[in-house]
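For reference, the structure is listed below as structure tokens.
Numbered from 1 within each chain, the chains take letters A, B, ... in sequence-line order.
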Protein chains: 2
Amino acid sequence: MTTPVPLREPTFLILTALAPEPMHGYGIITEVAALSDGRLTLRPGTLYGALDRLTDEGLVEPDREEIVGGRLRRYYRLTDTGGTVLAAETERLRRNVEAASRRLRARAGSAAPGSAATARGSALRPALRPTLRPAGGPA
Amino acid sequence: MTTPVPLREPTFLILTALAPEPMHGYGIITEVAALSDGRLTLRPGTLYGALDRLTDEGLVEPDREEIVGGRLRRYYRLTDTGGTVLAAETERLRRNVEAASRRLRARAGSAAPGSAATARGSALRPALRPTLRPAGGPA
DNA sequence: CGTTATAGCTTGGTCACCGATATACTCGCC
DNA sequence: GGCGAGTATATCGGTGACCAAGCTATAACG
């Protein structure tokens, strides 16, 4: 187990959606869409796969079932462990964001003069690579 | 191509490391370790794979080569495109962090009473799943 | 009666990342 | 003078989270 700490974005947003109160799968999908301003659309394959995985890892657990308008709703709830992991992960992301912001600001000062063109470079790369290329033992 | 926007963490930190000024591969590894307070150690396989990929995507380009103490140093530079992508990605992360913080705060109020125990739940899951299971065509 | 929306779930493929391994040169140690 | 550690490059095989696409079922709208 050992909870693979660097959560990917969809997983992170699933936990985030569940943080305040239990939700059912379809609700999570719409909630994540709202949270990300519609920039990220959760796919069912991602959601239910993640839900099973997170349940195994103990970050999430089934809450209850309801029948609303003849349709089944299966609710999931964030566990205490899940809350702790989400908080830690949020802190890590916050540090990353700060580091990136700082360094992007520093960049503005030394900005590439020639605008660096459209970043081709493919012309010089082949000439660079062959420098090293020793045994190249196949197999 | 189309630049798969949700960057993973190692990729994000590579771009972050390169933001202020060009660096060579090994320098990026040590810099990323410093940026993350030693929590994330970039593996060579990840680094050079990512560098090639990012070069193809135009986010990064070779800068120059130096020989220091008989050892080759291959420097890479963040392109303008790369800077734009990193800035956008940073903004996205910032929003995610804010959303998660907000919702975690909301959670504190409705915190699970029984501490939700160590979040096992594996005992009740099997009882929940079989509810639906219609065609179940086993290939 | 077909389409859309809500709600659940499965299967198959891909690709970034990890872990291990390889080359090569320099320096300090014994 | 060989040996390991540190610097620096690169490749290869495996894994797993994610995506794309599809399936079943009910209720409401046309």
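Rounding to whole angstrom units, CG of residue A:L7 and C1' of C:dA16 are separated by 16 Å. C:dT26 atom P lies 10 Å from atom CD1 of B:I67, rounded to whole Å. For the pair A:R74 CZ and D:dT26 C1', the computed distance is 16 Å after rounding to whole Å. Atoms CG (A:L59) and P (D:dA17) sit 12 Å apart, rounded to a whole Å. A:E9 places its CD atom 14 Å from the C1' atom of D:dC19, with the value rounded to the nearest Å. One can place CD1 of A:I14 at 10 Å from C1' of D:dC18, the figure rounded to the nearest angstrom.
Across residues 35-47 of chain B, B:R43, B:G45, B:T46 each have a non-hydrogen atom less than 4.0 Å from an atom of DNA chain C (numbered order).
For B:R95 and B:E98, the salt-bridge test fails: no basic side-chain N is under 4.0 Å from an acidic carboxylate O. For the pair B:D80 and A:R107, the salt-bridge criterion is met [side-chain N within less than 4.0 Å of a carboxylate O]. Taking 4.0 Å as the cut-off between side-chain N and carboxylate O, B:R8 and A:E9 do not count as a salt-bridged pair. Between B:E21 and B:R77 there is no salt bridge, since none of the side-chain N atoms of the basic residue sits less than 4.0 Å from a carboxylate O of the acidic one.
Counting only residues at least two apart or in different chains, salt bridge (Lys or Arg N to Asp or Glu O under 4.0 Å) contacts with residues 26-37 of chain A comprise A:E31-B:R103, A:D37-A:R39.
The phosphate of C:dA7 has OP1 or OP2 within less than 4.0 Å of a side-chain N or O from A:H24.
The A:R73 side chain lies nearest to C:dG8 when the options are C:dG8, D:dA10, D:dC18.
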Pull out every protein N or O sitting under 3.5 Å from an N or O of nucleotides 27-30 of chain D, one pair per line with the distance.
residue : atom : partner : partner atom : Å
D:dA27  : O4'  : A:R71   : NH2          : 3.2

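Residues A:R8 and A:G49 both approach DNA chain C. Their nearest nucleotides, taken by heavy-atom distance, put A:G49 toward the 5′ side.
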